[in-house]
Number of protein chains: 2
Amino acid sequence: MAKKIAAKDRNVTIDDIAKAANVGTATVSRALNHPELLRKDTREAVLRVVHELGYIRSGAAMALASNQTFTVGAIIPTFNNAIFAASIAGFENELSRENYTLLVTVSNFDPEQEIKQLRKLLERGIDAILLIGLDHSEQVFDLLERSRCCVVSIFGSSKQSRIPCIGFDNPKASEAIVAHLVSLEHQHIGMISGITDGNDRARDRKNGVISALQTHGLNHDPSLFIEKHYSHSQGRQALRTLLDQPTPPSAVICGNDVLAMGALFEANSQNIQVPQQLSITGFDNLPITEHLRPSLTTIDVPSEKMGIEAAKSIIENLRSGTTIQSKLLKADLLIRETTGKAAP
Amino acid sequence: MAKKIAAKDRNVTIDDIAKAANVGTATVSRALNHPELLRKDTREAVLRVVHELGYIRSGAAMALASNQTFTVGAIIPTFNNAIFAASIAGFENELSRENYTLLVTVSNFDPEQEIKQLRKLLERGIDAILLIGLDHSEQVFDLLERSRCCVVSIFGSSKQSRIPCIGFDNPKASEAIVAHLVSLEHQHIGMISGITDGNDRARDRKNGVISALQTHGLNHDPSLFIEKHYSHSQGRQALRTLLDQPTPPSAVICGNDVLAMGALFEANSQNIQVPQQLSITGFDNLPITEHLRPSLTTIDVPSEKMGIEAAKSIIENLRSGTTIQSKLLKADLLIRETTGKAAP
DNA sequence: GTCGATAATGAAAGCGCTTTCATTTTTGTG
DNA sequence: CACAAAAATGAAAGCGCTTTCATTATCGAC
């Protein structure tokens, strides 16, 4: 059986180009990476051959030789949350503008998986990595340190973080919500929080609420604080539980918009008037929330901006070695229609 | 300034391990990749050293030497659509089960960007790639062919596809919607379609509607067919336009759930009763749609399943070279509350 | 023209692995 | 206990680039 003529079963390499263009491999490499170092005619000749032969560089070889990959990794908890999607979209846009590629990976909120994924990313070779929040296992910090890989975390708000972090003040946002509800004369406030174990954002939001409650001289009733995974159905279920309490809350603060939407849907189902009979607040300001009926009062989290800023910092660090400064972006309360005066 | 003792500024390599364990590099490599080839004591000795020194392999070197990366790429149109999120989640889960890593990249619905991203992925070195749909520029097919990279496409439904494709029958789903609406006595049917240019899924869905209309002897009024980008606001806007027509439709078929939600929100805003005054259908069955009030009649697209099946096929191909068979999954009409009898 | 300075180029040494092939060790058998 | 066969191991040759360093070509000034 005749093999295809002239097409050895092997990719075109830099040597092929060099030979065809009658130059050294160093010149080919320069034509591709530092064109300004070459005389115009050589450069063009080389590039022409590159085109003709449909040459594709081997990233592996490049990475091995130069010790950089122009790849940045990211480990997010899940793909199923529009809020991370927005951050990642911003992050990736900014990176690709500078010709970096993004490698996204998912931990499913599982610390073990996070370690595994990080390990894989580091093996694969990345120039920097994006993490969500500040709760990470010791091994994560260990690996990061040992590999001297550039790191940034987003969504978190801790000041004494071990890694630079571009986020916003979660507790403060919670306080703004409580203050708003208090101004509407709510006394009996419940919360549907995300799972706080291993999730600093959820914890910060919950603790922010609790401490704000105390600031305003309100009672923190633990039976009115429920933790749920982020999903519409869990939100619905949680609201049902809350309404079954001996003295149900007049306002429910939700740990994110998905939970809040769940609560809102459940209220709709039960023909409970929002906000006349029940106030509900969210967290994140997902695009859909403004279209809901009633539209959701929530925190306008700078998700895309965090991604963009993180990418900018990383690129600057990679270019010039500047250490990355933590940044606190603002996240304002967005008062819409799901909050109103407490029923007397 | 004293350097850290013993910590040369260099990563631990396989040679360090070999030296420390007093074996050859081949043995270290085997301990990591083919442990069964080693005697128990050597294997354990090597692995112990690996642990002690916190050794992390260089993926670049591995890739270069073995010509495989255990990385699979994916190019999706956007991160901002839960439907792709579900597919990608399934895909990545299945891949990581077999120790492959997923590299996700975004084209923003732009053919040029798609080429660029593909090129980058191929440079980076991937063992396989996942594409969405079947509309791709010639260059994409070209690159794919030349690199002999394993490819799968999902979401498409064309039989004579140039690449294996695990999808469902978009036109058929459209027909089911039309049949349903016709059975509810709708005569005047409009559509808010996605942008069909360069998007075979959107086109298939739209053409499916048009041809079904004809099958049922209904008139296809082009002024009732609008193309919009997938977003809530575009959906709202489109419905406004549709309602401004001299004879507005009694039912609106939407190209996906996001557009449908937009339409539904707009109807809510204008106090138009759905489905009494207007029927609306979606496409995709996003998790949220069942919670809407009224809940959305839509097509239950097997998004996660496509991702899973694609991953399985890829893994099998990579393992044993089996050529990938196209698969047609089913996508059934889900009749919920946004469709009802046409107003007389 | 000539000469020193500068720009352009090429040869070759890695980068850190995998894998082949030869060599050594272990095992089983008579 | 000897010996062939099988199992375990190591030496070394790449994989396809980048980059240093030496060499050659080009240029400008006299």
Side-chain angles (χ1 to χ4, degrees), chain A residues 8-47 49-50 53-71 119-120 122-127 147-148, chain B residues 8-47 49-50 53-71 120 122-127 147:
Chain A
K8 305 208 186 142
D9 195 21
R10 186 178 66 73
N11 286 315
V12 177
T13 74
I14 201 175
D15 292 279
D16 300 329
I17 306 295
K19 220 156 282 173
N22 203 25
V23 296
T25 61
T27 300
V28 179
S29 176
R30 284 185 196 109
L32 263 13
N33 299 318
H34 310 283
E36 73 283 0
L37 293 181
L38 259 38
R39 245 183 22 221
K40 194 169 168 229
D41 52 341
T42 16
R43 185 196 325 140
E44 284 174 352
V46 172
L47 260 21
V49 177
V50 164
L53 269 54
Y55 170 58
I56 290 186
R57 293 188 279 185
S58 156
M62 287 167 55
L64 185 56
S66 70
N67 202 32
Q68 44 175 339
T69 57
F70 285 94
T71 299
R119 185 165 217 98
K120 273 206 213 169
L122 291 176
E123 277 196 1
R124 206 115 306 174
I126 49 176
D127 295 344
S147 64
R148 302 179 223 86
Chain B
K8 305 211 185 135
D9 193 22
R10 185 177 68 72
N11 287 314
V12 178
T13 75
I14 201 175
D15 292 278
D16 300 329
I17 306 294
K19 220 155 281 171
N22 203 25
V23 297
T25 62
T27 300
V28 178
S29 175
R30 283 186 196 107
L32 263 15
N33 299 317
H34 310 283
E36 72 284 0
L37 293 181
L38 258 40
R39 243 180 26 219
K40 195 168 169 229
D41 52 340
T42 16
R43 186 196 326 139
E44 284 174 353
V46 172
L47 259 22
V49 177
V50 164
L53 269 55
Y55 170 57
I56 290 184
R57 293 188 281 184
S58 156
M62 288 167 58
L64 185 55
S66 70
N67 202 34
Q68 42 175 338
T69 56
F70 285 92
T71 299
K120 274 207 213 168
L122 292 176
E123 276 195 3
R124 206 117 300 174
I126 49 176
D127 295 343
S147 63

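Proteins get letters first, then strands, A, B, ... in listed order; numbering begins at 1 in each.
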B/Thr71 and A/Arg124: side-chain contact (heavy atoms from CB on, under 4.5 Å), yes or no, with the steps? CA-CA 9 Å; B/Thr71 299; A/Arg124 206 115 306 174; 3.0 Å; yes

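- Rounded to a whole Å, the CZ atom of A/Arg43 is 12 Å from the C1' atom of C/dA8.
- D/dC17 atom P lies 14 Å from atom CZ of B/Arg124, rounded to whole Å.
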Verdict with reasoning, B/Leu53 to B/Ile17, per side-chain contact (heavy atoms from CB on, under 4.5 Å): CA-CA 8 Å; B/Leu53 269 55; B/Ile17 306 294; 4.1 Å; yes

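- In this entry the distance linking CG of B/Leu64 with P of C/dC15 reads 13 Å, nearest Å.
- Contact record, A/Val12 with A/Asp16: CA-OD2, 3.4 Å, taken as the closest heavy-atom pair.
- Considering only residues two or more places apart in sequence or on other chains, A/Tyr55 meets the ring pair (Phe, Tyr, Trp, His ring centres under 6.0 Å) condition with none of them.
- Here A/Val23 lies in heavy-atom contact (under 4.0 Å) with sugar-phosphate atoms only.
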Please output the side-chain donor-acceptor pairs of residues 19-30 of chain B that fall under 3.5 Å, not counting sequence neighbours, one pair per line with the distance.
unit_1: B/Ser29; atom_1: OG; unit_2: B/Asn33; atom_2: ND2; d: 3.4

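- Residues passing the side chain to side chain contact (heavy atoms under 4.5 Å, CB included) test with B/Leu47, sequence neighbours excluded: B/Ala31, B/Leu32, B/Arg43.
- Across all their heavy atoms, B/Ser147 and B/Leu122 have their closest contact at OG-CD2, 3.7 Å.
- Within a heavy-atom distance below 4.0 Å of DNA chain D, no residue of residues 14-21 of chain B is found.
- Contacts of B/Asn22 with the nucleic acid, taken as non-hydrogen atoms under 4.0 Å apart, involve only primed sugar atoms and P, OP1 or OP2.
- What separates CG of A/Leu37 from C1' of C/dT6 is a distance of 13 Å, to the nearest Å.
- You'll find that the side chain of B/Ser58 is closest to C/dG16, out of C/dG16, C/dA8, D/dC17.
- Ranked by how close their nearest DNA chain D nucleotide is to the 5' end, A/Ile56 and B/Val28 are led by B/Val28.
- Taking atom CG on A/Leu32 and atom P on D/dC17, their separation rounds to 9 Å, with Å as the unit.
- Set against D/dG16, D/dT18, C/dG16, the side chain of A/Arg57 has D/dT18 as its closest nucleotide.
- The neighbour count for A/Asp15 CG, taken as heavy atoms of other residues, nucleotides or ligands under 6.0 Å away, is above 12.
- The distance between atom CG of B/Leu122 and atom C1' of D/dG16, rounded to the nearest whole Å, is 16 Å.
- Residue pairs satisfying the salt bridge (charged side-chain N to carboxylate O under 4.0 Å, His left out) criterion with at least one member in residues 53-64 of chain A, sequence neighbours excluded, are listed as follows: A/Arg57-B/Glu123.
- Between C/dT9 and A/Thr42, a contact under 4.0 Å exists linking OP1 or OP2 to a side-chain N or O.
- Atom P of nucleotide D/dA7 and atom CG of B/Asp41 are separated by 17 Å, given to the nearest angstrom.
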Protein proximity profile, nucleotides 19-29 of chain C - base contact B, sugar-phosphate-only contact S, no contact -, cut-off 4.0 Å on heavy atoms: BB-----S---

